[in-house]
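Heads up: the structure comes next, in structure tokens.
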Amino acid sequence: MTVAAVILSATTEGALSDTLGQPRVRRLADLAWSGGALPIVVLAPDPDGAVAAALAGSEATYGTPAPPEAGPRGQMARGAELAAAEVSDTTAVLLWPARMTWVGPETITSLIETHGTDPATMLRPAWHGDPGWPVLLPTAHLVALRAVAPDRMPPDVIADLVARVASRIVEMGDPGVVIDVDTAPADLPAYEGPPDPPAGHAHEWGADVAAEAGLTEKD
């Protein structure tokens with residue numbers, strides 16, 4: 001199973017906003033990689049090349065966004081297409097709004113592992129039962145994604161997909177899946193971890209990789 005991360009920023013400013021000393025999309029790219037996602041595609045407006053420059057030296061690839069009239073679902077589909085072009089056997093994509101900066105890398109690992117045991121199901125990570133982001137969408141459901149109306153906002157895109165494809169809410173015990181960048185990291189609830197192994201078995205997450213990327217559970 002190959003799971004890509006598709007990081008989506010509607011604005012250049014949001015993509016480059018300082019987040020714990022890094023441009024936001026660079027931090028997210030490092031976080032996605034440390035959690036095991038690959039390939040990693042970043043879509044954001046980039047009129048002067050600053051977003052692509054912020055990704056230099058990372059595992060991420062910058063992608064030109066879809067035309068604005070394609071709407072959020074068009075940006076999601078565009079990112080998935082770019083990921084599949086980069087790695088042809090990509091089986092799912094993590095749809096990841098850039099404002100969701102506090103997702104723990106172990107949540108990415110758990111989503112990828114769960115996809116391996118349930119490859120046809122869209123997975124929605126939750127904090128205390130409240131589903132959030134990034135949403136793991138199997139590439140088999142890209143036709144359903146493209147069928148969503150272009151005027152639907154990201155939460156509505158996911159709601160429409162829930163009505164069309166098999167989906168699961170997976171408790172992660174990670175407040176970062178529902179709390180966005182408007183909350184300071186010091187004000188986040190404590191990370192708890194999933195009450196049960198999401199993929200049905202316990203695993204040892206790559207703490208060494210996280211440390212190398214400068215990430216912690218609370219980050």
Mind checking whether Met76 and Pro154 have side chains closer than 4.5 Å, heavy atoms only?
-> yes
Atom of Pro97, atom of Trp133 and distance for their closest heavy-atom approach = CD-CE3, 3.4 Å
Can you tell me how far CD of Gln75 sits from CG of Leu95, rounded to the nearest 0.5 angstrom?
-> 12.0 Å
Please examine the side chains of Leu137 and Leu142, heavy atoms only from C-beta on, and report whether any two atoms are closer than 4.5 Å.
-> yes
Between the NE2 atom in His115 and the CG atom in Leu123, the distance rounded to the nearest 0.5 Å is 8.0 Å
Is there side-chain contact between Leu161 and His141, with heavy atoms separated by less than 4.5 Å?
-> no
Please name the residue in the list Val51, Leu43, Ile40 that meets the side-chain contact (heavy atoms from CB on, under 4.5 Å) test with Val25.
-> Val51
Looking only at non-hydrogen atoms, find the nearest pair between Thr114 and Arg168 and report the distance.
-> CG2-NH1, 3.6 Å
Are the side chain of Thr109 and the backbone of Gly35 linked by a donor-acceptor contact shorter than 3.5 Å?
-> yes
Minimum heavy-atom separation for Trp96 to Ala5, with atom names?
-> CE3-CB, 4.4 Å
Heavy atoms, side chains only, cut-off 4.5 Å: are Val3 and Leu136 in contact?
-> yes
Between the main-chain N or O of Leu145 and the side-chain N or O of Arg164, is there a donor-acceptor pair closer than 3.5 Å?
-> no
Given Pro125, which of Leu111, Ile169, Val170, Val178 fulfils the side-chain contact (heavy atoms from CB on, under 4.5 Å) condition?
-> Leu111
Non-neighbouring partners of Glu192 that pass side chain to side chain donor-acceptor pair (under 3.5 Å), sequence neighbours left out = His128
Look up atom CZ in Arg26 and atom CG in Leu31, then write down how far apart they are to the nearest 0.5 Å.
-> 12.5 Å
Just by modelled atom types, is the Ala166 backbone N or O under 3.5 Å from a matching donor or acceptor in the Thr121 side chain?
-> no
So do Val93 and Pro134 actually touch side chain to side chain, heavy atoms under 4.5 Å?
-> no
Just do the side chain to side chain contact (heavy atoms under 4.5 Å, CB included) check on Arg73 and Asp160 with the steps written out, would you?
-> CA-CA 11 Å; Arg73 66 94 160 107; Asp160 287 356; over 6 Å; no
dist Met1:CE -> Asp89:CG (nearest 0.5 Å) comes out at 10.5 Å
Measuring from Ile179:CD1 to Asp187:CG, what's the distance to the nearest 0.5 Å?
-> 9.5 Å
Just by modelled atom types, is the Thr2 backbone N or O under 3.5 Å from a matching donor or acceptor in the Thr91 side chain?
-> yes
Minimal non-hydrogen separation, Arg99 against Asp180, with atom names | O-CB, 3.4 Å
For Pro72 and Met153, the nearest pair of non-hydrogen atoms, with its separation, is CG-CE, 3.9 Å
Applying side chain to side chain contact (heavy atoms under 4.5 Å, CB included), run through Trp102 and Thr19 and close with a yes or a no.
-> CA-CA 10 Å; Trp102 310 134; Thr19 306; 3.9 Å; yes
Which heavy atom in Ala52 sits nearest to a heavy atom in Asp46, and how many Å separate them?
-> N-OD2, 3.1 Å
Taking the side chain as C-beta and beyond, is there a heavy-atom pair between Val87 and Leu38 under 4.5 Å?
-> no
Keeping the roles fixed (side chain from Asp174, backbone from Thr107), state whether a donor-acceptor pair exists under 3.5 Å.
-> no
Quick one: pull up OG in Ser9 and CZ in Arg24 and give me the separation to the nearest 0.5 Å.
-> 7.0 Å
